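Encoded as structure tokens, the structure appears first; notes follow it.
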There are 2 protein chains.
Amino acid sequence: MSPVAVPLPRVPTPPVAGSQFALLADPLRLAIIEALSREQLCTCHLVDITGARQTTISNHLRLLREAGVVLAEPEGRYTWYRLAPGAFAEALRALGAVVADGPDAPRLRPACVS
Amino acid sequence: MSPVAVPLPRVPTPPVAGSQFALLADPLRLAIIEALSREQLCTCHLVDITGARQTTISNHLRLLREAGVVLAEPEGRYTWYRLAPGAFAEALRALGAVVADGPDAPRLRPACVS
DNA sequence: TGCTGACATCACATCACACTGATGCGTTGT
DNA sequence: ACAACGCATCAGTGTGATGTGATGTCAGCA
């Protein structure tokens with residue numbers, strides 16, 4: 001590590017979008033998110049649906065909770081989970097800006113006059 | 001459980017969507033993708049823009065190429081890169097199905113009668 | 001009051017991924 | 001023909017993330 005050396009912001013993208021994509025990248029987490037987008041569920045339901053172990057589900061739910069994309073509502077012995085309102089809106093916006101189903105992007109600059 | 005134990009498809013999501021999210025999850029790759037969504041570029045441009053090393057950029061471009069989301073067009077000494085048409089459309093569809101900015105999802109089943 | 005069930009937390013092992021340096025290849029220019 | 005350049009590939013390394021088992025906590029019930 002250099003002593004000063006700020007981590008270097010690479011491109012004008014809200015960094016939260018990248019971390020939201022990371023949340024969606026794991027297949028088990030994506031299954032959890034999709035299930036929660038259809039109905040509120042508690043942990044044991046997700047264990048049944050996905051076939052993963054309770055500890056694994058709980059770990060992923062903690063990540064999703066800390067990222068603010070799911071909300072936990074303890075109710076007696078159970079804990080109901082649901083998607084937070086506006087969850088992944090940032091990722092959707094960033095992805096929409098990229099997909100751009102128009103014609104090919106132009107070549108704005110000459111080849112490598114660094 | 002069946003004795004043969006097939007790898008167990010977890011949820012009816014095209015698995016390609018998950019891997020597309022994985023491509024978007026890395027901040028450097030996201031920077032490359034966003035840059036290519038605005039204009040076609042060759043490797044050296046991406047080295048300039050991102051500040052990463054040429055080898056690193058080349059590695060990421062290979063991943064993006066193999067995933068079919070960017071197209072390479074060699075032209076003499078240079079290689080122009082651009083986003084493939086319809087790249088990340090699968091991810092956009094999957095994400096759109098999840099975001100659902102309506103009211104909260106319902107509780108369709110009782111708590112944990114596994 | 002003691003047991004069971006739902007869920008969270010912790011420590012650990014494993015594994016995949018990203019970065020790097022060295023090297024090779026094809027093209028351009030002199 | 002040789003050098004410089006753009007770019008790809010390869011092998012090595014370190015780090016972070018994921019799954020797992022053990023354990024702890026709290027609520028409900030007999």
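Each chain gets a letter, A, B and so on, in the order its sequence line appears, and its residues count up from 1. Keep in mind it's a predicted model, so treat the numbers as computed, not measured.
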Protein-nucleotide distance (Leu30(A), atom CG; dT18(D), atom C1'), rounded to Å: 16 Å
Test: Glu39(B) and Arg109(A) ion pair at under 4.0 Å: yes
dT20(C) phosphate, OP1 or OP2, under 4.0 Å from Arg53(B) side-chain N/O: yes
OP1 or OP2 of dA17(D) under 4.0 Å from side-chain N/O of His60(A): no
Short side-chain to backbone donor-acceptor contact, His45(A) and Pro110(B), under 3.5 Å: yes
Below 4.0 Å: OP1/OP2 of dA8(C) and any side-chain N or O of Arg62(A): no
Presence of Tyr81(A) side-chain N/O under 4.0 Å of dA8(C) phosphate oxygens OP1/OP2: yes
Distance-only donor-acceptor test, Gln54(B) side-chain atoms vs dA8(D) base atoms, 3.5 Å: yes
Below 4.0 Å: OP1/OP2 of dC25(C) and any side-chain N or O of Arg77(B): no
Leu46(B) CG - dA8(D) C1' separation (whole Å): 15 Å
Sugar-phosphate, base or nothing in reach of Thr56(A), heavy atoms under 4.0 Å: base
Side-chain N,O (Ser58(B)) to OP1/OP2 (dT9(D)) below 4.0 Å: no
base_contact_polar (dT18(D) base, Asn59(A) side chain, donor-acceptor, <3.5 Å): no
Separation of atom CD1 in Ile32(A) from atom C1' in dC7(C), rounded to whole Å: 14 Å
Pairwise distance CD(Gln54(B)) to CG(Leu46(B)) - rounded to 0.5 angstrom: 11.0 Å
Integer-rounded Å distance: dG19(D) C1' and Leu61(A) CG: 15 Å
Closest-nucleotide ordering on DNA chain D, the 5'-leading residue of Glu75(A) and Asp26(A): Asp26(A)
Along DNA chain D (nearest heavy atom to each residue), the more 5'-positioned of Ala22(A) and Ala72(B): Ala72(B)
Aromatic ring pairing Phe21(A)/Phe21(B), orientation class (parallel under 30°, perpendicular over 60°, tilted between): parallel
First of Thr55(B) and Trp80(A) reached from the 5' end of DNA chain C, by closest nucleotide: Trp80(A)
Expected output: side-chain Arg29(B) to main-chain Ala22(B) donor-acceptor under 3.5 Å: yes
Of the listed nucleotides dA6(C), dT20(C), dT9(D), the one nearest the side chain of Arg65(B): dT9(D)
Euclidean distance, atom CG of residue Leu64(B) to atom P of dA18(C) [Å, nearest integer]: 10 Å
Side chain proximity check, Gln40(B) to Asp104(A), heavy atoms < 4.5 angstrom: yes
Whole-Å gap separating P (dA16(C)) and CG (Leu63(B)): 15 Å
Selection from dT9(D), dC7(C), dG19(D) that lies nearest to any side-chain heavy atom of Cys44(A): dC7(C)
Nearest-neighbour nucleotide for the Tyr78(B) side chain, dT20(D), dT20(C), dC7(D) considered: dC7(D)
Spacing between Glu73(B) atom CD and dG6(D) atom P, to the nearest angstrom: 19 Å
Whole angstrom value for the distance that separates P of dC7(C) from CD1 of Ile57(A): 11 Å
OP1 or OP2 of dC17(C) under 4.0 Å from side-chain N/O of Arg29(B): no
